[in-house]
Amino acid sequence: MPKIIENLQSTILQTANEILFEQGFSDFSIRAIAKKLGIAPATIYNYYPSKESILEALVDRAWFNLMETIDREVADITEPVAALNKVYELLKSSMNPLFSHWLTAESRIMPPDHPDEQAIIAKKQKINAEFTKRIEAILLRCGQDAAYAPVYTKLFIMCTHHSKLSFDEIVSAIKALQ
């Protein structure tokens, strides 16, 4: 009798995420996921055509959760520095190694000549644009000029990935640009 797993698609993603954290990207494979779940690799292919598509789904899920959290946590903050600080702290706290690596411009989860590379680049650009729109909306709601929203986006993503800069240090850097 075949093994029945409720919410298999979600369980595959959860297991993939666990493998990434426990063993790293080098040991990440559809076989590893299938083995941990006790199912045949072919079962996973019914939901995801490749390990890259699983990674993309993990990023999508993490991004959706982060945007919901930002919307909820910043909704009542009317002071711009406090609101942006909260966004930065939420972004920093949500950055797992996969998500952080995936968002940076130079990162690759596929070889440069992979047929899906352009689709991944387009997805990164879409994510960055969505994040910039969130920051623009926050700035406007707080009565501020939204012109620097793209700068905040780039700095926030770079700083959460490459260093542990505080929000105050980022604000100082932006003021130096003005």
Partner residues of A34 under the side-chain contact (heavy atoms from CB on, under 4.5 Å) criterion, sequence neighbours left out: I39, P41, I44
Look up atom CG in L66 and atom CZ in R134, then write down how far apart they are to the nearest 0.5 Å. 8.5 Å
Looking at CD of E52 and CD1 of I30, how far apart are the two atoms once the value is rounded to the nearest 0.5 Å? 8.0 Å
Check step by step if side-chain contact (heavy atoms from CB on, under 4.5 Å) holds for I70 and F131. CA-CA 10 Å; I70 287 173; F131 191 60; 3.8 Å; yes
Heavy atoms, side chains only, cut-off 4.5 Å: are V59 and I127 in contact? yes
Verify side-chain contact (heavy atoms from CB on, under 4.5 Å) between V81 and E79, making sure each step is shown before the conclusion. CA-CA 6 Å; V81 173; E79 202 279 312; 3.5 Å; yes
If I take atom NZ from residue K51 and atom CD1 from residue I19, how far apart are they, to the nearest 0.5 angstrom? 11.0 Å
Nearest 0.5 Å, what's the CD1-NZ distance between I12 and K36? 14.0 Å
In Å and rounded to the nearest 0.5 Å, what is the OH to OG distance from Y45 to S53? 9.0 Å
Check: Y148 ring centroid to Y152 ring centroid under 6.0 Å: no
I need the F156 CZ to L90 CG distance, nearest 0.5 Å. 10.5 Å
Contacts of K126 meeting salt bridge (charged side-chain N to carboxylate O under 4.0 Å, His left out) (sequence neighbours excluded), chain-then-number -> E130
Lys/Arg-Asp/Glu bridge criterion (N-O < 4.0 Å) met for R141, E136: no
Determine whether V74 and L84 make a side-chain contact, defined as any pair of heavy atoms from C-beta on separated by less than 4.5 Å. no
Are I77 and I135 connected into the same hydrophobic cluster when the rule is that any two of I, L, V, M, F, W, Y join if their side-chain heavy atoms are below 4.5 Å apart? no
Test of understanding: with side-chain contact (heavy atoms from CB on, under 4.5 Å), list the residues that count as partners of L13, not counting sequence neighbours. Y48, I54, A57, L58, R61
